[in-house]
Peer 1: 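Take a look at the following structure, please.
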There are 2 protein chains.
Amino acid sequence: MTFDEIDHRLLDTLQRDASRTLQALGEDVGLSASAVQRRINRYRSAGVLARHVAVLEARRTADIVLAVVLVTLERESSGHHDAFAQRLLAVPEVQQAYDVSGDWDYVVVLATIGMARHSELAQHLFKDAPNVKRYTTMFVLDPLRTGTYLPTR
Amino acid sequence: MTFDEIDHRLLDTLQRDASRTLQALGEDVGLSASAVQRRINRYRSAGVLARHVAVLEARRTADIVLAVVLVTLERESSGHHDAFAQRLLAVPEVQQAYDVSGDWDYVVVLATIGMARHSELAQHLFKDAPNVKRYTTMFVLDPLRTGTYLPTR
DNA sequence: TCTGAAAGTTTTCATCC
DNA sequence: GGATGAAAACTTTCAGA
């Protein structure tokens, strides 16, 4: 799928505020509401636009503990990696998980309520997991920016 | 603001799919559409619910380069930190930025289109910044999970 | 204070040109 | 791409628990 200038602007806006009406979006980009609707449907069927979600304010949610954990697995069979990924994805508090290059194998962002729950999860995901070679935890002191914004150009 | 069982279920659902109708949400939790709407408005005015956004599919967006960058600043004046944070937040491709404890000062997630733009930004944000002591870049090979889900209980 | 229902308004959707 | 009418969703209001 190829984007023109208007597509870029629409996708940009939608990623910041998806509660705008088709008409309001149209006024911004100089199109009718119908045309905007057609474009949005096109994004959806092309799989570019995945879903609409509500974003909670971390600072306003009681007792949220955010932590970034770097993980390296044992260098043996590749099956370890699938098993580890499975274990991660089974936990809803695993907010983000990235398979990365470099000194570490995975970057995991944990969002838990309270330190007790964080410890419990860290134990389960990193200490008890048989294939984790080493890991280090960085607690988030201030979430300067959070989000899922992706540029389109 | 204090949550009951229904609030938890609503906030959970809304974070996964905010495109459901008030009526559908109500059927899930056993309330009328009006009652659901009242609760959602309450989340908004309490600042718990920040916004509704569209989420793009990273894998379907052409040439997206995701990278996690760890940064440590010089240990001098605290003004360095504000200046660095400012510089980060001025860049839309800084998808996430966390002030963290531990071996590093900041964790930054960059989402750029293409490696050239990544390098350009890395230069500006980390190489040219006068107060960055060291940084290391981990490129994302596979985004196993991305999102902003926060537990509420 | 919170709920459900109904009325009134806005938005979205599908089809027309 | 724009316009239109029908359907759906949302907002407001009101009476009851």
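Order of the sequence lines fixes the chain letters, A, B, ..., with proteins taken first and strands second; residue numbering starts at 1 for each chain.
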Peer 1: Check this for me: does any side-chain nitrogen of one of Arg51(B) and Asp17(A) sit under 4.0 Å from a carboxylate oxygen of the other?
Peer 2: no
Peer 1: Over how many whole Å does the gap from Gln37(A) atom CD to dA7(D) atom C1' extend?
Peer 2: 12 Å
Peer 1: Figure out the CD/P separation between Glu27(B) and dG4(C), and round it to whole Å.
Peer 2: 12 Å
Peer 1: Please list all pairs passing the salt bridge (charged side-chain N to carboxylate O under 4.0 Å, His left out) test where one or both residues lie in residues 120-141 of chain B, with sequence neighbours left out.
Peer 2: Arg117(B)-Glu120(B)
Peer 1: Could a donor-acceptor pair under 3.5 angstrom be found where the side chain of Ser32(B) meets the base of dA5(C)?
Peer 2: no
Peer 1: Taking Arg9(B) first and then Asp28(B), would you say they form a salt bridge - that is, a charged N and a carboxylate O separated by under 4.0 Å?
Peer 2: no
Peer 1: In whole Å, what is the span from the CG atom of Leu14(A) to the P atom of dT12(C)?
Peer 2: 11 Å
Peer 1: Check if the side chain of Arg39(A) and the base of dG1(D) share a donor-acceptor pair of N or O atoms closer than 3.5 Å.
Peer 2: no
Peer 1: Just the rounded figure in Å: distance from C1' of dT3(C) to CG of Leu22(B).
Peer 2: 15 Å
Peer 1: To the nearest angstrom, how far is Leu10(B) atom CG from dT3(C) atom P?
Peer 2: 10 Å
Peer 1: Out of dG1(D), dT3(C), dA3(D), which nucleotide sits closest to the side chain of Ala35(B)?
Peer 2: dT3(C)
Peer 1: Indicate, with a heavy-atom threshold strictly under 4.0 Å, whether Thr21(B) touches base, sugar-phosphate, or nothing.
Peer 2: sugar-phosphate
Peer 1: Over all strands shown, is Gln23(B) touching base, sugar-phosphate only, or nothing at heavy-atom distances under 4.0 angstrom?
Peer 2: nothing
Peer 1: Looking at Phe84(B), Tyr98(B), Phe126(B), which one forms a ring-ring contact (aromatic ring centres under 6.0 Å, His included) with Tyr106(B)?
Peer 2: Phe84(B)
Peer 1: What is the distance, rounded to the nearest whole Å, between atom CD1 of Ile6(B) and atom C1' of dG4(C)?
Peer 2: 13 Å
Peer 1: Just the rounded figure in Å: distance from P of dT12(D) to CZ of Arg38(B).
Peer 2: 12 Å
Peer 1: Could you tell me the separation between the CG atom of Leu31(A) and the C1' atom of dG2(D), rounded to a whole number of Å?
Peer 2: 10 Å
